[in-house]
Peer 1: 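Next up is a structure, given as structure tokens.
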Amino acid sequence: MVQKDLNGMEQGNGSGSRDLEKPLLAKKEKEGSEEPRTSHHRRHTLRSRRDAVLPNSGYAIFSTLMVALGPLALGFAIGYTSPTQVAIIKDLNFTIAQALLLAALPLLAGWSLIVLGKTATPLIIGRILNGFGGGIISFSVPMYIGEIAPKHLRGTLGTMNQLAITIGITLSYVFGMLFNWRVLGLLGCIPEVSLIVGLLFIPESPRWLAKAGKKEELSLCLQKLRGKDFNTTQEIADIQAAMEALNALPSVKLSDLKERKLSRPLVAGIGLMVLQQFSGINAFMLYSSGIFATAGVSNPDIASVALGTLQVFMTLAAAGLMDKAGRRILLMISAGGMALSCFLVGFSFYLRTLQPEKMSEALDTFICELALVSLLVYIATFSLGIGAIPWIIMSEIFPAHVKGIAGSVATLVNWFCAYAITMIFNYMLLWSAIGSFWLFAAECIGTVIFVAMFVPETRGRTLEQIEASFK
């Protein structure tokens, strides 16, 4: 009964504003199913909200920053390719295919092989190890942050995962201009060492403690995460009830994901992962130096650093808006801005095909500026929503009993799509630079429609309330 009331409190009010936050398909399913609410219940709800005390989130923020060292190292690994690929190909006589394989595995561990390698083979093995570690980081960090964060800050703290990645990418660009690729690989070890030390000072997930039956540790952990003056009794009861129900279920198999009741969260969570990568972001970031050079920008390395720095600041802006504006509106604004930017980048390439031998200096300057501004707008709008929110949604909407396997599948799909785009993007440019960016523009328009149809709003709701809303 407690869970039902909590869920109802989040979903129901007479203004209809919540309806705007629901996916269109969910609205149709819910029509006519709302129970009438009494004036006494509404007064109780308003009084409960007015008397609520926000938790002290200092320890949760500290823990988030510690685990964010993992995504920072992941971002450093992703960005490592852009400033170093020319030198690596030259020093080790790489073929284009080998360089693409190296770039397709841009994740966390294996830096020692990269630093010490004398041939192509150790570098490829090191990047495979990077991919293995980075895959774990991609899944576990958003899940951990989602489970320790208070509901009023879960979006903001969840954005720290993407923010750390963007900082890592930018640092790799900056240091890539100052050091050779072996020293850059050595610098990539610093976040991993810091993460190992930081793990000594952060708590286990409260939901893991509840699932393991460690009630005393759960109480102490949650009190520390919410502050000594915050009453955690109700949150502990909700978590324990959810985990007890979870423990009563049989072991989860991959085939369980075919259950009809899981279709909505799976479509939303995995669909966003696919659309995030096919928007072309990794193509932009991994080969940003080459893209700027092709567009006619005179100093592509500095342009790449500017790109990364913009991404950091826009991700910070997204963190401030996440728990105010909500996930759905930010996703749609983000995808819409990316669509326009991709179209304009393609248009800049189109202008270059119009009698290039007779092109005036003024037109050449305009095309360069159009390409640069469009790419900067693309990165800004990506960072505002599509960059961080799919990972936040993944950590929020999968039911507890399948969260591990569903999150693993979503992460696998995300990186498989990243691999596919990374492998084919150079060939897409050879086919048609214009067509490549216009295809990305069409995909971004599709993302706006997808979010409107399938993605629910999760702002301001506990994980247990979100899970109950899909039942």
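This chain uses plain numbering: 1 for the first residue, then up along the sequence.
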Peer 1: Would you give the length of the straight line joining atom CH2 of Trp431 to atom CD1 of Ile424, rounded to the nearest 0.5 angstrom?
Peer 2: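 So the gap between those two atoms works out to 10.0 Å.
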Peer 1: Less than 4.5 Å apart, side chain to side chain, heavy atoms only: is that true for Thr447 and Leu331?
Peer 2: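 When only atoms from C-beta onward are counted, Leu331 and Thr447 do not touch, as no gap falls below 4.5 Å.
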Peer 1: Output all residues satisfying side chain to side chain contact (heavy atoms under 4.5 Å, CB included) with Val67, sequence neighbours left out; order by chain, then residue number.
Peer 2: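 Per chain and number, Val67 pairs via side chain to side chain contact (heavy atoms under 4.5 Å, CB included) with Val141, Tyr144, Ile145, Ile202.
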Peer 1: Side chains of Gln162 and Phe382: does their closest heavy-atom pair fall under 4.5 Å?
Peer 2: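 Side chain of Gln162 against side chain of Phe382, heavy atoms only: contact under 4.5 Å found.
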Peer 1: Write down the atom of Ile329, the atom of Ala325, and the distance for their closest heavy-atom approach.
Peer 2: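 Result for this residue pair: CG2-O, 3.2 Å.
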Peer 1: Write down the atom of Pro206, the atom of Leu225, and the distance for their closest heavy-atom approach.
Peer 2: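 Scanning both residues, the minimum pair turns out to be CG-CD1, 3.7 Å.
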Peer 1: Quick one: side chain to side chain contact (heavy atoms under 4.5 Å, CB included) partners of Ala380, sequence neighbours excluded?
Peer 2: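 In terms of side chain to side chain contact (heavy atoms under 4.5 Å, CB included), with neighbours along the sequence ignored, Ala380 is linked to Leu310, Met314.
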Peer 1: Taking atom CZ as the centre, does Phe62 end up with more than 12 heavy-atom neighbours from other residues, nucleotides or ligands that are less than 6.0 angstrom away?
Peer 2: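 Yes - once you tally the heavy atoms of other residues, nucleotides and ligands closer than 6.0 Å, there are more than 12.
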Peer 1: To the closest 0.5 Å, what do you measure between CE (Met428) and CD1 (Ile421)?
Peer 2: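 One finds 6.0 Å between CE of Met428 and CD1 of Ile421.
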Peer 1: Tell me whether Lys403 forms a cation-pi arrangement with Phe398, defined as NZ or CZ under 6.0 Å from the six-membered ring centre and within 45 degrees of its axis.
Peer 2: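 Relative to the ring axis of Phe398, which defines the angle, Lys403 lies outside at least one limit.
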Peer 1: Are the side chain of Tyr173 and the backbone of Gly168 linked by a donor-acceptor contact shorter than 3.5 Å?
Peer 2: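 No; judged by distance alone, with no hydrogens or angles, the pair does not exist.
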Peer 1: Give the ring-plane orientation class for Phe425 versus Phe437, where under 30° counts as parallel, over 60° as perpendicular and anything between as tilted.
Peer 2: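 Taking Phe437 first and then Phe425, their aromatic rings stand perpendicular (interplane angle over 60°).
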Peer 1: Determine the sole option in Ile466, Leu266, Ile392, Leu272 for which the side-chain contact (heavy atoms from CB on, under 4.5 Å) test with Ile397 is passed.
Peer 2: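 Looking at Ile466, Leu266, Ile392, Leu272, the match for Ile397 under the side-chain contact (heavy atoms from CB on, under 4.5 Å) is Ile466.
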Peer 1: Within the 4.5 Å heavy-atom criterion, are Ile270 and Asn414 side-chain neighbours or not?
Peer 2: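 Side-chain contact under 4.5 Å: no.
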Peer 1: So which heavy atom on Gly155 is nearest to which on Thr159, and how close?
Peer 2: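 Closest pair (atom of Gly155, atom of Thr159, distance): O-OG1, 2.7 Å.
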Peer 1: Return yes if some donor-acceptor pair links the side-chain N/O of Trp438 with the main-chain N/O of Phe343 below 3.5 Å, else return no.
Peer 2: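 Present.
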Peer 1: With a 4.5 Å limit on heavy-atom distance, are the side chains of Ser341 and Leu375 in contact?
Peer 2: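 No. Closest side-chain heavy atoms not under 4.5 Å.
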Peer 1: Rounded to the nearest 0.5 Å, how far apart are OG of Ser279 and CE of Met338?
Peer 2: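 These two atoms lie 3.5 Å from each other.
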Peer 1: Determine whether a donor-acceptor pair (N or O, by modelled atom type, separation under 3.5 Å) exists between the side chain of Glu235 and the backbone of Thr232.
Peer 2: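 Not at all, since once roles are kept as given, no pair shorter than 3.5 Å links the two residues.
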Peer 1: Given side chains that start at C-beta, do those of Ile167 and Leu163 come closer than 4.5 Å, heavy atoms only?
Peer 2: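 In contact.
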Peer 1: Between Thr170 and Gly308, is there a donor-acceptor pair closer than 3.5 Å when you use the side chain of the first and the backbone of the second?
Peer 2: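 The answer is yes, because a donor-acceptor pair under 3.5 Å joins these two groups.
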Peer 1: How close do Ala60 and Ile148 get, counting heavy atoms only, and between which atoms?
Peer 2: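 Result for this residue pair: O-CD1, 3.8 Å.
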Peer 1: Please check if the side chain of Arg264 supplies one atom and the backbone of Arg260 the other of a donor-acceptor pair under 3.5 Å.
Peer 2: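 Flag not set: sc Arg264 to bb Arg260 has no pair under 3.5 Å.
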Peer 1: Using modelled atom types only, decide if a donor and an acceptor are shared between the side chain of Thr64 and the backbone of Leu157 within a distance under 3.5 Å.
Peer 2: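 Answer holds: no.
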Peer 1: List the atom of Pro390, the atom of Gly385, and the distance in Å for their closest heavy-atom pair.
Peer 2: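 Closest pair (atom of Pro390, atom of Gly385, distance): CD-O, 3.8 Å.
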Peer 1: For the side chain of Gln276 and the backbone of Ile386, is there at least one donor-acceptor N/O pair under 3.5 Å apart?
Peer 2: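 Side chain of Gln276 to backbone of Ile386: a pair is present.
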Peer 1: Find the distance between CD1 (Ile393) and OG (Ser395) and round it off to the nearest 0.5 Å.
Peer 2: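 Answer for the CD1-OG pair, Ile393 versus Ser395, is 8.0 Å.
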Peer 1: Output the distance between atom CG (Leu257) and atom OG (Ser263), rounded to the nearest 0.5 Å.
Peer 2: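 Here the interatomic distance stands at 11.5 Å.
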Peer 1: Within the 3.5 Å criterion, strictly below it, is a donor on Glu147 or Ser205 matched to an acceptor on the partner's side chain?
Peer 2: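 Side chains of Glu147 and Ser205: pair found under 3.5 Å.
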Peer 1: Does any part of the side chain of Ile236, heavy atoms only, come nearer than 4.5 Å to the side chain of Ser219, both counted from C-beta?
Peer 2: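 With C-beta onward as the side chain, the pair touches.
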Peer 1: Show your working on side-chain contact (heavy atoms from CB on, under 4.5 Å) between Asp238 and Gln465 and close with a plain yes or no.
Peer 2: CA-CA 9 Å; Asp238 291 342; Gln465 291 166 355; 5.9 Å; no
Peer 1: As an exercise, state the distance from CE of Met243 to CG of Leu218, rounded to the nearest 0.5 Å.
Peer 2: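 Met243 atom CE to Leu218 atom CG measures 10.0 Å (nearest 0.5 Å).
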Peer 1: Has Asn161 got a side-chain atom pairing as donor or acceptor with Pro142's backbone, closer than 3.5 angstrom?
Peer 2: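 Flag not set: sc Asn161 to bb Pro142 has no pair under 3.5 Å.
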Peer 1: Can you name the salt bridge (charged side-chain N to carboxylate O under 4.0 Å, His left out) partners of Lys228, sequence neighbours left out?
Peer 2: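 Partners of Lys228 under the salt bridge (charged side-chain N to carboxylate O under 4.0 Å, His left out) test: none.
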Peer 1: Which residues satisfy the salt bridge (charged side-chain N to carboxylate O under 4.0 Å, His left out) test with Glu259, sequence neighbours excluded?
Peer 2: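 With sequence neighbours excluded, Glu259 shows a salt bridge (charged side-chain N to carboxylate O under 4.0 Å, His left out) to Lys261, given in chain and number order.
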Peer 1: Under 4.5 Å between any side-chain heavy atoms of Met394 and Met273, yes or no?
Peer 2: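 They are in contact (side-chain heavy atoms under 4.5 Å apart), so the answer is yes.
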Peer 1: With Thr315, which residues qualify under side-chain hydrogen bond (donor to acceptor under 3.5 Å, both in side chains), at least two apart?
Peer 2: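 Per chain and number, Thr315 pairs via side-chain hydrogen bond (donor to acceptor under 3.5 Å, both in side chains) with no residue.
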Peer 1: Test your reading of the model: is there a side-chain donor-acceptor pair from Arg328 to the backbone of Val455, 3.5 Å cut-off?
Peer 2: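 Pair found, side chain donor or acceptor close to backbone of Val455.
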Peer 1: Does any N or O in the side chain of Thr156 come within less than 3.5 Å of the main-chain N or O of Gly320, such that one atom is a donor and the other an acceptor?
Peer 2: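 No; judged by distance alone, with no hydrogens or angles, the pair does not exist.
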Peer 1: Using the side-chain contact (heavy atoms from CB on, under 4.5 Å) rule, take Leu187 and Ile190 through it: C-alpha gap first, then chi angles, then the decisive distance, then the call.
Peer 2: CA-CA 6 Å; Leu187 292 174; Ile190 296 175; 4.0 Å; yes
Peer 1: Output every pair passing salt bridge (charged side-chain N to carboxylate O under 4.0 Å, His left out) with a member in residues 382-396, not counting sequence neighbours, ordered by first then second residue.
Peer 2: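 Non-adjacent pairs meeting salt bridge (charged side-chain N to carboxylate O under 4.0 Å, His left out): Arg154-Glu396, Arg327-Glu396.
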Peer 1: Can you confirm whether Ile281 sits close enough to Tyr378 that some side-chain heavy atom of one is under 4.5 Å from a side-chain heavy atom of the other?
Peer 2: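 Of all side-chain heavy-atom pairs linking Tyr378 with Ile281, at least one is under 4.5 Å.
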